[in-house]
Number of protein chains: 2
Amino acid sequence: MAKRRTNPDYLNGVPELLLLRLLEQRPMYGYELVQEIVRSTGERLEFGEGCIYPLLHRLESEGTLTAKRQQVGGRERVVYRVTRKGKGKLAEAAARWMRVAEAVTLVLHGGHNEQRQTAIA
Amino acid sequence: MAKRRTNPDYLNGVPELLLLRLLEQRPMYGYELVQEIVRSTGERLEFGEGCIYPLLHRLESEGTLTAKRQQVGGRERVVYRVTRKGKGKLAEAAARWMRVAEAVTLVLHGGHNEQRQTAIA
DNA sequence: CCTCCATGCCTCATGGTTTCAGGTATCAGA
DNA sequence: TCTGATACCTGAAACCATGAGGCATGGAGG
């Protein structure tokens, strides 16, 4: 009970974005992706299998990815590949991300002029 | 029914981060914050009142913010201010954000070396 | 005067996402 | 034999933002 939430560190949409981007570079299977995300982000991010596998299934059923089963040394792998449609989705997601990142950076670094009562002069 | 979700554009934690940062610059009330977020992000982001008000309440009950009621021309405003504790939270949230932003940027721009089967030489 | 819109506060159901904790099975090494 | 890595999977819980609603005041235009 009370399921401790030790990592209140939500980043909605980020797993999907990273997945698409990494799979665009080369086809991969789920277990591999979990580790590749850690590696390619320089240990900055980590997503559990419970996040990745369902996501892969969803993206496949949406037609964003295609899956191909492989037998490698008695173990099964499901290798995913980005479809054309998926590349479109990736482009959109990346654009959306950059937009958000710009917005947040702007505010954090006090970017946009803070004038307020100047209006009338 | 079926509540259309027109904007599948999630950014968990971002509203809280922006709120704290903006309130650090000057005290503000809820309705004002909703608009200020739009303005200060250069129209890149917008969060509804249904997001902002509950967040303010939560942050206040946590001791991150303090609230003060004001009467202005027959209308009531609840002005919020960041506490010392709140500034700590802001610092953490900002650091966490930057970490994530770095990670994503790294992957999007193909930052970390993609060597893979080189290992053995 | 009446109506509309902006201001200003609020709540709630819904739906989407991530986490955590499990479960299965194979294989290599100690 | 037992452990740990590989490799797949699921389901309950927690959390967050959306969107739609509701209430009340004040000012502007018809």
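Numbers restart at 1 for each chain; the letters A, B, ... are given by sequence-line order, proteins then strands. The structure displayed is predicted, hence computed values, not measured ones.
- Taking only side-chain atoms of B:C51, from C-beta outward, the nucleotide of C:dC10, C:dT18, D:dT18 with the closest atom is D:dT18.
- Contact check, B:Y29 against C:dC9: no side-chain N or O comes under 4.0 Å of OP1 or OP2.
- Protein atom CD of B:E36 is 13 Å distant from nucleotide atom P of C:dG8, rounded to whole Å.
- Annotation: proximity of residues 59-68 of chain A to DNA chain C (heavy atom, distance under 4.0 Å) is found for no residue.
- Between the P atom of C:dT11 and the CG atom of B:L56 lies a distance of 11 Å, rounded to the nearest Å.
- Looking at residues two or more places apart in sequence or on another chain, you find no side-chain hydrogen bond (donor to acceptor under 3.5 Å, both in side chains) involving B:E49.
- Contact annotation for B:E49: base contact, defined as any heavy-atom pair under 4.0 Å involving a base atom.
- Between the CD1 atom of A:I52 and the C1' atom of C:dT19 there is a distance of 12 Å, given to the nearest Å.
- For B:R75, the side chain to side chain contact (heavy atoms under 4.5 Å, CB included) criterion is met by no residue, not counting sequence neighbours.
- One finds a side-chain N or O of B:H57 lying less than 4.0 angstrom from the OP1 or OP2 phosphate oxygen of C:dT11.
- Considering only residues two or more places apart in sequence or on other chains, B:E24 meets the side-chain hydrogen bond (donor to acceptor under 3.5 Å, both in side chains) condition with B:R21.
- Heavy-atom minimum distance, A:L45 versus A:L18: CD1-CD1, 4.1 Å.
- Ion pairing of B:R39 with B:E36 is present here, as a side-chain N (NZ or NE/NH1/NH2) and a carboxylate O approach within less than 4.0 Å.
- One interatomic measurement links the two molecules: CZ of A:R96 to P of D:dA17, which rounds to 16 Å at whole-angstrom precision.
- Listed candidates were D:dC16, D:dA17, C:dT17. Nearest to the side chain of A:R58 is C:dT17.
- Nearest-nucleotide mapping onto DNA chain C: of A:G48 and B:Y31, the residue sitting toward the 5' end is B:Y31.
- For B:E60, the side chain to side chain contact (heavy atoms under 4.5 Å, CB included) test picks out B:A67, B:Y80, with sequence neighbours left out.
- With sequence neighbours excluded, no residue forms a side-chain hydrogen bond (donor to acceptor under 3.5 Å, both in side chains) with B:R99.
- In this structure, B:A91 has no side chain to side chain contact (heavy atoms under 4.5 Å, CB included) partners at least two apart in sequence or on a different chain.
- Rounded to 10 degrees, the angle separating the terminal axes of the helix from C:dC1-D:dG30 to C:dA30-D:dT1 is 10°, with each axis obtained from five end pairs.
- B:V38 and B:L55 are not part of a single hydrophobic cluster, where members link through side-chain heavy atoms under 4.5 Å apart.
- Within residues 71-80 of chain A, the residues having any heavy atom closer than 4.0 Å to DNA chain D are, in order of number, A:R75, A:E76, A:R77, A:V78.
- Residues meeting the side chain to side chain contact (heavy atoms under 4.5 Å, CB included) test with B:E76, sequence neighbours left out: B:R69, B:Q71.
- At whole-Å resolution of the value, CZ in B:R69 and P in C:dG8 are 15 Å apart.
- Atom CD of B:Q70 and atom C1' of C:dT7 are 15 Å apart (whole Å).
- The CD-P distance, from A:E32 to D:dA5, rounds to 18 Å in whole Å.
- A:G50 comes within 4.0 angstrom of a nucleotide base, judged by non-hydrogen atoms across all strands.
- Rounded to whole angstrom, the span from the CG atom of A:L55 across to the C1' atom of C:dG16 amounts to 11 Å.
- Close to C:dT7, at under 4.0 Å from its OP1 or OP2, lies a side-chain N or O of B:Q35.
- A close approach under 4.0 Å does occur between a side-chain nitrogen or oxygen of B:Y53 and OP1 or OP2 of C:dC9.
- For B:Y31, there are no side-chain hydrogen bond (donor to acceptor under 3.5 Å, both in side chains) partners two or more places apart in sequence or in a different chain.
- Remark: B:R26 engages B:E32 in a salt bridge, criterion side-chain N to carboxylate O under 4.0 Å.
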